[in-house]
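Following: one structure in structure tokens, then a few remarks.
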Number of protein chains: 2
Amino acid sequence: MNIGDVAAQTGLPPKTIRYYEDIGLVVPGRSDNGYRQFRDQDLHKLAFLGRARALGFTIEDCRTLLALYEDETRASSDVKRVARSHLAKIEAKIADLQAMRDTLTHLVDCCAGDDRPDCPILQDLGGTS
Amino acid sequence: MNIGDVAAQTGLPPKTIRYYEDIGLVVPGRSDNGYRQFRDQDLHKLAFLGRARALGFTIEDCRTLLALYEDETRASSDVKRVARSHLAKIEAKIADLQAMRDTLTHLVDCCAGDDRPDCPILQDLGGTS
DNA sequence: ATAAGGGTTCCAGTTAGGGGAAGGTCAAGG
DNA sequence: CCTTGACCTTCCCCTAACTGGAACCCTTAT
């Protein structure tokens with residue numbers, strides 16, 4: 001299977017797939033003409049990576065998860081630890097963004113948004129508190 | 001005022017301040033010895049930038065906001081448009097993260113987290129649906 | 001004289017790929 | 001048989017917003 005078909009089946013762009021090979025996440029074979037040849041196993045890995053990335057795991061987390069996935073003797077606690085750590089980061093990020101959103105919402109609501117120069121948003125950023 | 005003092009007063013690292021000069025956000029003077037010399041005006045700008053960045057505005061947004069801040073003839077609608085656009089992006093990001101969080105929370109809750117290999121997290125990522 | 005603690009420039013690295021150039025390969029059509 | 005178009009390859013540069021570090025200069029205190 002060539003990279004284009006794999007891209008179509010996994011939803012990952014060819015560039016991404018090549019990048020994943022570059023950093024050692026997948027190791028497809030090669031045909032005589034130099035084209036990458038993906039087997040079902042590779043496809044499966046790439047789909048795994050696509051889902052893990054969609055959940056926001058970093059590439060390094062993905063590498064760890066993939067290794068655990070392929071290790072029949074893994075402990076689920078190891079997987080859970082990675083997931084929980086990632087979850088904590090996501091929750092922290094959500095909290096940060098919500099704080100920004102709250103402040104911004106307030107400022108935007110206070111701004112007249114007309115053609116006059118007076119603007120509470122700029123006043124806030126300028127430190128006129 | 002030297003860069004170290006400015007860093008202390010604004011809370012921005014010296015590296016960041018140099019970077020902001022590099023990209024033209026501030027233009028401090030120079031002493032005879034080559035050291036940057038910051039005036040109150042520069043300090044004020046940097047504080048402005050610090051607050052805008054803390055609200056998640058991109059550097060380019062900051063550039064726009066700073067220009068509006070210094071333009072006495074601005075229309076507050078221009079400021080509001082920038083802020084609202086940024087707010088929309090933040091809200092989209094929050095929604096994305098919340099979706100990830102919900103999925104992850106569910107998966108983590110389903111995972112025993114013991115020394116056995118069975119793991120619903122990996123099952124999900126592996127596409128065993 | 002020297003050592004510490006500023007400052008300066010420049011270069012490289014970070015994340016996770018994207019864009020695009022230059023060139024090889026394959027299948028179909030004239 | 002040749003060409004055309006769609007694929008594939010590698011390679012290099014670009015992104016955001018800095019951060020780390022090296023090599024070197026300036027000032028002040030001991």
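Keep in mind that what you see is a predicted model, and the values were worked out from it rather than measured. First the proteins, then the strands, lettered A, B, ... as listed; each starts at 1.
Near DNA chain D, meaning a heavy atom under 4.0 Å from it, residues 82-91 of chain A has no residue at all.
A donor-acceptor pair under 3.5 Å is formed between the side chain of A:Asp42 and the backbone N or O of A:Arg39. No side-chain donor-acceptor contact under 3.5 Å links B:Lys45 to the backbone of B:Val26.
The side chain to side chain donor-acceptor pair (under 3.5 Å) contacts involving residues 2-18 of chain B comprise B:Asn2-B:Gln37, where partners must be two or more places apart or lie in separate chains. Listed by first and then second residue, the ring pair (Phe, Tyr, Trp, His ring centres under 6.0 Å) pairs that reach into residues 76-105 of chain A are A:Phe57-A:His86, sequence neighbours excluded. Applying the ring pair (Phe, Tyr, Trp, His ring centres under 6.0 Å) test to residues at least two apart or on different chains, the pairs with a partner in residues 17-50 of chain B are B:Phe48-B:Tyr69.
Closest of all the heavy-atom pairs between B:Leu55 and A:Met100 is O-SD, 3.4 Å. Pairing each heavy atom of A:Val108 with each of B:Lys80, the nearest pair is O-CE, 3.3 Å.
Counting 5' to 3', DNA chain D first comes under 4.0 angstrom of a heavy atom of chain A and last does so at the ends given by D:dC7 to D:dC11.
Judged by distance alone, the side chains of B:Asp115 and A:Ser77 never bring a donor and an acceptor atom under 3.5 Å apart.
Taking a cutoff of 4.0 Å between a charged side-chain nitrogen and a carboxylate oxygen, A:Asp78 and A:Arg81 qualify as a salt bridge.
Put simply, OG1 on B:Thr58 and CZ on B:Arg53 are 7.5 Å apart, with the number rounded to the nearest 0.5 Å.
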Sugar-phosphate means primed atoms, P, OP1 and OP2; the rest is base. With that split, encode nucleotides 5-17 of chain C 5' to 3' as B, S or - using protein heavy atoms under 4.0 Å.
-> -BSBBB-----BB
